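Below is one structure, written out as structure tokens; comments come after it.
Lettering of chains follows the sequences in order, A, B, ..., and the numbering in each one begins at 1. Everything numeric here is computed off the predicted structure, so don't read it as measured data.
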There are 2 protein chains.
Amino acid sequence: MKDVISSCPIEEAMRVLSGRWPTLLLYYLKDGTKRFSDLRRDNPTVSHRILALELRKLEEAGIVRRTAHAGYPLRVDYDLTAAGLKLVPLIDALGDWWEDTEDDRAGGVSSTAETRLVAAE
Amino acid sequence: MKDVISSCPIEEAMRVLSGRWPTLLLYYLKDGTKRFSDLRRDNPTVSHRILALELRKLEEAGIVRRTAHAGYPLRVDYDLTAAGLKLVPLIDALGDWWEDTEDDRAGGVSSTAETRLVAAE
DNA sequence: TGTAAATTACGCACTATTCTGTAACCAGGG
DNA sequence: CCCTGGTTACAGAATAGTGCGTAATTTACA
């Protein structure tokens, strides 16, 4: 039941970047060109199938470029498009944010009472 | 089957921000304090159950603060914590990135051939 | 004055949809 | 047989939505 139009760029961007793998793949691809098997080694927990699907999704979104070399054994390279390259610093910033705000986010509900109870006026 | 430790801040950050709603809620909360019903109005497609769950998740992550006012009718306010406020510019940047790279991302596979075929050397 | 209904922020149970993973199979040369 | 990159079929897990119930007070209305 996906809405027809979102009109919100954030929502559209997240439609591509949401999930566990997209940002990680971007992270590994920023080092340069990688092959399918390289990416599997970089992240051994992703299944064969999901890696292929995620890469397709990123390719269709114009973030990753796929280059298939003719001949056998099969060989396919993946690297970032211009859009993908521009995205890298944002993802890095996200990681920095997570680390920088570690003390601020604290222990959630347990230690610091996040939820406050206020008397009605 | 979530792995025990990720050690990667990007992965951890995405564990919280992944999905359709978290970034949108952050986006609406940046205007200031909102109530549950305000957020439902801002985004009518989210169900009340999911909204409650997502807000709890963000609260536990230390990004959103929940303030329950005693008395009836029930009243609960939500606003951003310091960590949440620091995250806002990043989310905005993500939206900008999506818009700025629109031409670059092009039409995906259909028009521009994203997948290249290269002869073996 | 009595009673019914609305309000707000959920929780719970159930269903529907989507995501993720496993296993098997394909291609053609070594 | 193996290697590579990828697809399909199927199974199970995670996620999302619907509808009902609940609390104490206020308002609606005969």
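For B:Y78, no side-chain nitrogen or oxygen approaches OP1 or OP2 of C:dT8 to under 4.0 Å. Between B:R66 and C:dA9 there is no side-chain N or O to OP1 or OP2 distance below 4.0 Å. An OP1 or OP2 oxygen of D:dT25 is reached within less than 4.0 angstrom by no side-chain nitrogen or oxygen of B:R75. Distances shorter than 4.0 Å separate none of the side-chain N or O atoms of A:R40 from OP1 or OP2 on D:dT4.
Comparing C:dG21, D:dG5, D:dT4 against the side chain of A:P73 picks out D:dT4 as the nearest.
Salt bridge B:D38/B:R41: present, at least one basic N to carboxylate O contact under 4.0 Å. Checked for salt-bridge contact, B:E54 and B:K57 meet the test: a charged N lies under 4.0 Å from a carboxylate O. Salt bridge annotation for B:R20-A:E11: present, with a cationic side-chain nitrogen under 4.0 angstrom from a carboxylate oxygen.
Protein atom NZ of A:K34 is 18 Å distant from nucleotide atom C1' of D:dT4, rounded to whole Å. Look at CH2 on A:W21: it is 11 Å from C1' on C:dG21, rounded to the nearest Å. Per the geometry, CG belonging to B:L25 stands 11 Å off P belonging to D:dA16, to the nearest Å. Between B:D77 atom CG and C:dC10 atom P the separation is 10 Å, expressed in whole Å. With rounding to whole Å, B:H69 atom NE2 is found 17 Å from D:dA23 atom C1'. Distance CZ (B:R56) to P (D:dA16): 17 Å, rounded to an integer number of Å. Distance, A:R41 CZ to D:dT4 P: 8 Å, rounded to whole Å. B:K57 places its NZ atom 7 Å from the P atom of D:dA16, with the value rounded to the nearest Å.
Nearest-nucleotide positions on DNA chain C place B:F36 closer to the 5' end than the other of A:V46 and B:F36.
For the pair B:R105 and B:W98, the cation sits on the ring face: its NZ or CZ lies under 6.0 Å from the ring centre, inside 45° of the axis.
Residues of residues 47-55 of chain A having a heavy atom closer than 4.0 Å to DNA chain D, listed by number: A:H48, A:R49.
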Let's go through A:T101 and A:D103 carefully: what are the C-alpha distance in whole Å and the side-chain angles of both, what is the deciding distance for side chain to side chain donor-acceptor pair (under 3.5 Å) to 0.1 Å, and is it a yes or a no?
CA-CA 6 Å; A:T101 59; A:D103 52 333; over 6 Å; no
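Checked against B:K34 for a salt bridge (charged side-chain N to carboxylate O under 4.0 Å, His left out), the options B:D77, B:D42, B:D79 give a single hit: B:D42.
No close placement of the B:F36 and B:H48 rings is indicated, their centers lying 6.0 Å or farther apart.
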